[in-house]
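Just so we're on the same page: letters track the sequence lines, and every chain starts at 1. No experiment lies behind these values; they were computed from the predicted model shown.
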There are 2 protein chains.
Amino acid sequence: MTHPRRSSRPIYHQIADDLRVQITSGDLAPDAQLPTEGELCDRYVVNRGTVRQALGLLLNEGLIVSVRPRGYFVRDRKHMTYRPQDEYCPRPENPSADQFLTSVAQEGRSASQAIEVAIIIPPREIAERLQLPEGGRAVVRRRVRAIDGEPFNINDSYFPSDLVERSEITNPADIARGANKVLAELGHEQIRATDEIYVRMPRPIEVTRLQLGPGTPVAVHYLTGYTAQDRPVRVVENVLPGDRHVIVYERRKSDAQPGTEA
Amino acid sequence: MTHPRRSSRPIYHQIADDLRVQITSGDLAPDAQLPTEGELCDRYVVNRGTVRQALGLLLNEGLIVSVRPRGYFVRDRKHMTYRPQDEYCPRPENPSADQFLTSVAQEGRSASQAIEVAIIIPPREIAERLQLPEGGRAVVRRRVRAIDGEPFNINDSYFPSDLVERSEITNPADIARGANKVLAELGHEQIRATDEIYVRMPRPIEVTRLQLGPGTPVAVHYLTGYTAQDRPVRVVENVLPGDRHVIVYERRKSDAQPGTEA
DNA sequence: TAGTGGTCTAGACCACCAG
DNA sequence: TGGTGGTCTAGACCACTAA
């Protein structure tokens, strides 16, 4: 690799391109170790700073990870299926634990979740969806779900404070029959829901809670549940690390009217 | 800001934290200009390299953009609604143009798309979903959709080559009545579909085609359409920049059986 | 303890474009 | 043409952990 000083793709991009090809072609298999920074300096005859710029690109593309002080490794991805529908109407067959715990157990892995309940003035995104008045309070049930001890996703459910204040929902433990059931018993049965999915880089707090590496975007799934009177009574915010999830919808025949598209 | 040389959060993180607060709090409004690198060096009494590390964090978080040679600016996000359902059963009322063009026009903006057709051996992700044999060919209709002249998303549709080889589908022009209709006429009506959504950082080719800035993740939406005989006859790969889309599902009452969560 | 990546400094030259 | 960010070098010290 030469250093054509001008009018060329920057050296660190060239180095990144070279390594990227090796990774995507499989020459560098998942979990394989990359050459050390020093070796790359020698190989490409550049300064360490330039090598680090190249590696920085690959880190931010989510292609490699740095395991200090061992070196850089090709990232391996395993995707767990996430079905937004399950967030709405789960646990038909096993009402003693929630959908997440059940489905993971079926795969023979150990799942756990930490639950925390608080009454707060929710962030704008939530307040808007719950149609709360200015300064209106909400009860939030915050959960971090983990598989085999590793944090997996964030699942925060918000309810208008006045609806659930003295109900079971404010109890920081798993609700066996489901929070929706409790809401229905309180006279606020949900009959409709919308899903919104945003894609962005995680916020620092999310990086911490989910132990995210660089180059890991998240999908944020908002589920808003409405009563027959079109009143929003629940908003669930799910934060799903991109390197650990596929979001899957199954479409029924009734939804499908053939008609178009490329 | 001091430089406690040891046992502390790195300086460039502290600088990034400081700036991040100003951005998320609104002190630095969207489109506002940040101080120049030189000014930040003075303010925090650090080397330019350190300032650039801090700005690099914010760039990769998608919070700011660099407009050379003017400076750094707080990023503004505008989300356009993307409904996966529309990719399956669109243009009911206006069969002369496809769903995308129609819905954008309704918002009073100008949409356009470039179509390109090719017969290829598809990448693994596509071949698997189409259940193609090793080396099996597919017809691909590639589109880059743009709004007001700016690229917006990538929409590539794949069909098994043997099904559509000499049909209208290989014609690189908009198919007014929709490719699904053509498929149905060929005896391959789709009655079922699955959606999968992945979240990841874009590949270099996607960065180019979509003119993505750093810190912009993408959602990749795979739609697989099946016939009554469970044969996959179409895979659509949509690449949606995270800074330009919200993915929305509306859920019907029939889909909603209250039951759980949170 | 040797070797890894993480952080930080100091200085240089460049391309670009608004003034 | 001056000032911006982009690239690259050279060198220093550090924390961490596997050997």
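We find that CZ of B:R9 is positioned 18 Å from P of D:dA15, with the value rounded to whole Å. The distance from atom CG of B:L34 to atom P of D:dG3 is 20 Å, rounded to the nearest whole Å. As rounded to whole Å, 15 Å separates atom C1' of C:dC13 from atom CG of A:N47. Across the protein-nucleic acid pair, B:D42 atom CG and C:dA10 atom P stand 13 Å apart, rounded to whole Å. Counting to the nearest Å, the P atom of D:dG3 and the CG atom of B:L40 are 17 Å from each other. Distance A:Y44 OH to D:dT7 P: 18 Å, rounded to the nearest Å. Remark: P of D:dG5 and CZ of B:R68 are 11 Å apart, rounded to the nearest angstrom. Taking atom OH of A:Y72 as the reference point, atom P of D:dC16 lies 17 Å away to the nearest angstrom.
End-to-end axis angle of the helix from C:dT1-D:dA18 to C:dA18-D:dT1, using five pairs per end and rounding to 10°, comes to 0°.
Not counting sequence neighbours, the partners of B:I119 by the side-chain contact (heavy atoms from CB on, under 4.5 Å) test are B:R137, B:V139, B:S161, B:E165. Partners of A:A114 under the side-chain contact (heavy atoms from CB on, under 4.5 Å) rule, at least two apart in sequence or in another chain, do not exist in this structure. Taking A:E125 as the reference, nothing meets the salt bridge (charged side-chain N to carboxylate O under 4.0 Å, His left out) condition, with sequence neighbours excluded. In this structure, the salt bridge (charged side-chain N to carboxylate O under 4.0 Å, His left out) partners of A:D76, at least two apart in sequence or on a different chain, are A:K78. Legend: residues meeting salt bridge (charged side-chain N to carboxylate O under 4.0 Å, His left out) with A:E116, ordered by chain and number and at least two apart, are A:R142.
Considering only side-chain N and O atoms, B:Y12 lies nowhere under 4.0 angstrom from the phosphate OP1 or OP2 of C:dC8. Contact check, B:S66 against D:dG6: a side-chain N or O comes under 4.0 Å of OP1 or OP2.
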Which pairs of donor and acceptor atoms, one on a side chain in residues 202-212 of chain A, lie under 3.5 Å apart (sequence neighbours left out)?
{"residue": "A:E206", "atom": "OE1", "partner": "A:R200", "partner atom": "NH1", "Å": "2.9"}
{"residue": "A:E206", "atom": "OE1", "partner": "A:R203", "partner atom": "N", "Å": "2.8"}
{"residue": "A:E206", "atom": "OE2", "partner": "A:R200", "partner atom": "NH2", "Å": "3.0"}
{"residue": "A:T208", "atom": "OG1", "partner": "A:P204", "partner atom": "O", "Å": "3.0"}

Side-chain donor/acceptor pairs under 3.5 Å, residues 53-69 of chain B, sequence neighbours excluded:
{"residue": "B:N60", "atom": "ND2", "partner": "B:G56", "partner atom": "O", "Å": "3.2"}
{"residue": "B:E61", "atom": "OE1", "partner": "B:R20", "partner atom": "NE", "Å": "2.8"}
{"residue": "B:E61", "atom": "OE1", "partner": "B:R20", "partner atom": "NH2", "Å": "3.4"}
{"residue": "B:E61", "atom": "OE2", "partner": "B:R20", "partner atom": "NH2", "Å": "2.8"}

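Taking for each of A:G49 and B:G71 the nucleotide of DNA chain D with the nearest heavy atom, the 5'-most of the two is the partner of B:G71. Toward the 5′ end of DNA chain D lies the nearest nucleotide of B:E37, the other residue of the pair B:E37 and A:T50 mapping further downstream.
Side-chain atoms of B:P69 lie closest to C:dC17 of the nucleotides D:dC8, C:dC17, C:dT9. Taking every side-chain heavy atom of B:I11 into account, C:dC8 is the closest of C:dC8, D:dA10, C:dG5. Side chain of B:R48, nearest nucleotide from C:dT7, D:dT7, C:dG5: D:dT7.
Annotation for B:V199 and A:P217: closest pair CG1-CG, 3.6 Å, computed over non-hydrogen atoms.
Contacts between residues 52-65 of chain A and DNA chain C, counted as heavy-atom distances below 4.0 Å, involve A:R52.
Ring centroids of B:Y198 and B:H221 are separated by 6.0 Å or more, keeping the two rings apart.
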The test is salt bridge (Lys or Arg N to Asp or Glu O under 4.0 Å); show your working for B:D243 and B:R75 and say whether it passes. CA-CA 10 Å; B:D243 60 345; B:R75 189 159 172 177; 2.8 Å; yes

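In terms of polar N and O atoms assigned as donor or acceptor, the side chain of B:R70 never comes within less than 3.5 Å of the base of D:dG3 in a complementary pairing.
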